[in-house]
**Student:** 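Have a look at this one.
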Amino acid sequence: MKNNRYKILVLSDLNKSAALELKSTVSLAKMMDGDITLFHVKKPTDIVERESQLSAIRAINEDHIATNKKIEGLIKPIQEEFKQNVNYQVAIGNIKYEIEAYIDAYQPDMIVLGRRKSKTLNFMGDNITDFVLKKYNGTIMIAAEQHALQPNEDVTLGVLNTTDKSVSTDFIEGFVNKTSQPIKAFKIVTNLTETENSLNNKTVEYVFQKGTKAVDNVSKYALKSNINLMCFDNSKHDKSNTSIKKVISKLNVSLLLTGKNTTMLPR
């Protein structure tokens with residue numbers, strides 16, 4: 001029988017915010033009936049300090065055991081509290097190569113990344129967020145530490161559209177049925193006289209005029225509206241476009257970047 005559950009891949013460096021990132025992932029997994037796999041990569045140079053082959057093998061084995069224990073200590077309480085299974089894999093090698101190879105093999109429907117307090121696109125020290133944005137065409141969630149999603153609690157969903165068109169109605173409908181909160185649609189338009197039809201009768205619209213402070217203003221209103229998940233259509237932009245980087249750096253909520261291959265409706 002074919003498994004039609006969503007596959008969610010969490011790329012984690014196991015830092016202090018890893019538990020919050022995993023809880024946000026569990027929240028989405030419960031909404032979408034998804035499976036979670038956490039993937040962690042270590043550089044050989046972070047493990048092996050001596051040139052002796054025997055010492056290197058011993059160091060790798062010891063680190064592998066320690067890393068597995070750390071991950072199990074991270075996921076066990078979350079699994080027990082929220083009744084959500086979390087699988088994990090650990091690799092040693094070039095971080096970008098190992099991540100790309102695992103994405104190709106696992107074929108996730110969604111990738112989850114953590115956001116650093118510095119608000120830069122650096123992840124695991126190697127610009128991995130930027131790397132994943134360029135390599136992966138599916139949905140990416142960038143989990144925020146503040147206003148994080150909580151499993152078994154209602155999601156307050158916002159939609160940000162910087163191209164004057166709403167994110168796909170089909171995409172939003174999958175969430176509308178899972179939350180009792182109205183959808184907040186934030187639109188950045190060239191002319192404030194422009195009008196568009198709402199996504200549905202559960203949508204509240206906020207319109208901002210295009211300009212250098214537009215994303216800052218959206219961020220302020222998003223916080224006032226208690227948004228904890230903001231959708232942004234990434235498929236209409238070049239992956240290296242400054243506007244995407246601005247959205248990631250300015251909005252202090254978890255972001256759901258929808259891509260060309262997005263299929264978020266229940267299967």
**Student:** Nearest 0.5 angstrom please: Ile95 CD1 to Asn127 CG, how far?
**Tutor:** 11.0 Å
**Student:** For Tyr106, is the NZ or CZ atom of Lys7 found under 6.0 angstrom from the centre of its six-membered ring and inside 45 degrees of the ring axis?
**Tutor:** yes
**Student:** Answer yes when Lys250 and Asp216 have at least one side-chain N-carboxylate O distance shorter than 4.0 Å, and no when they do not.
**Tutor:** yes
**Student:** Per the side-chain contact (heavy atoms from CB on, under 4.5 Å) rule, which among Leu11, Ile71, Leu9, Val112 passes with Leu38?
**Tutor:** Ile71
**Student:** Could you tell me the separation between the NE2 atom of His40 and the CG atom of Leu14, rounded to the nearest 0.5 Å?
**Tutor:** 4.5 Å
**Student:** Is the side chain of Ser24 donor-acceptor paired with the backbone N or O of Leu149 at a distance under 3.5 Å, no angle test?
**Tutor:** yes
**Student:** Backbone N or O of Glu21 within a donor-acceptor pair of the Thr25 side chain at under 3.5 Å?
**Tutor:** yes
**Student:** Step through the shown structure and confirm whether more than 12 heavy atoms of other residues, nucleotides or ligands are within 6.0 Å of CD on Gln146.
**Tutor:** no
**Student:** Leu20 and Met141: same hydrophobic cluster, using ILVMFWY side-chain contacts below 4.5 Å?
**Tutor:** no
**Student:** Within the distance-only criterion (no hydrogens, no angle test), does the side chain of Lys30 pair as donor or acceptor with the backbone N or O of Phe82 below 3.5 angstrom?
**Tutor:** yes
**Student:** Are Tyr97 and Phe39 co-members of a hydrophobic cluster defined by side-chain heavy atoms under 4.5 Å apart?
**Tutor:** no
**Student:** Minimum heavy-atom separation for Val218 to Met230, with atom names?
**Tutor:** CG1-CE, 4.2 Å
**Student:** For the backbone of Ile227 and the side chain of Ser225, can you confirm whether one donor and one acceptor N or O come within less than 3.5 Å of each other?
**Tutor:** no
**Student:** Are Asn85 and Asn87 linked by a side-chain donor-acceptor pair shorter than 3.5 Å?
**Tutor:** yes
**Student:** Which atom pair, heavy atoms only, marks the closest approach of Val155 to Met31?
**Tutor:** CG2-SD, 3.6 Å
**Student:** Kindly give the heavy-atom pair with the smallest separation between Thr258 and Thr139, and that separation in Å.
**Tutor:** CA-OG1, 4.2 Å
**Student:** Donor-acceptor pair, Ser219 side chain versus Val215 backbone, under 3.5 Å?
**Tutor:** no
**Student:** Indicate yes or no for a side-chain donor-acceptor contact from Gln89 to the backbone of Tyr102 under 3.5 Å, with no hydrogens or angles considered.
**Tutor:** no
**Student:** Of the non-hydrogen atoms in Asp154 and Asn228, which two are nearest, and what is the gap between them?
**Tutor:** O-ND2, 4.0 Å
**Student:** Look at the aromatic rings of Phe208 and Phe186 and report parallel, tilted or perpendicular, splitting at 30° and 60°.
**Tutor:** parallel
**Student:** Nearest 0.5 Å, please: how far is CG in Leu229 from NZ in Lys184?
**Tutor:** 12.5 Å
**Student:** Among Val41, Val90, Ile103, Ile92, which one satisfies side-chain contact (heavy atoms from CB on, under 4.5 Å) with Glu98?
**Tutor:** Val41
**Student:** Of all heavy-atom pairs between Leu255 and Val247, which one has the smallest distance, and what is that distance?
**Tutor:** CD1-O, 3.8 Å
**Student:** How close do Pro108 and Ile111 get, counting heavy atoms only, and between which atoms?
**Tutor:** CG-CG1, 3.9 Å
**Student:** Tell me yes or no: between the side chains of Glu72 and Tyr88, is some donor less than 3.5 Å from an acceptor?
**Tutor:** yes
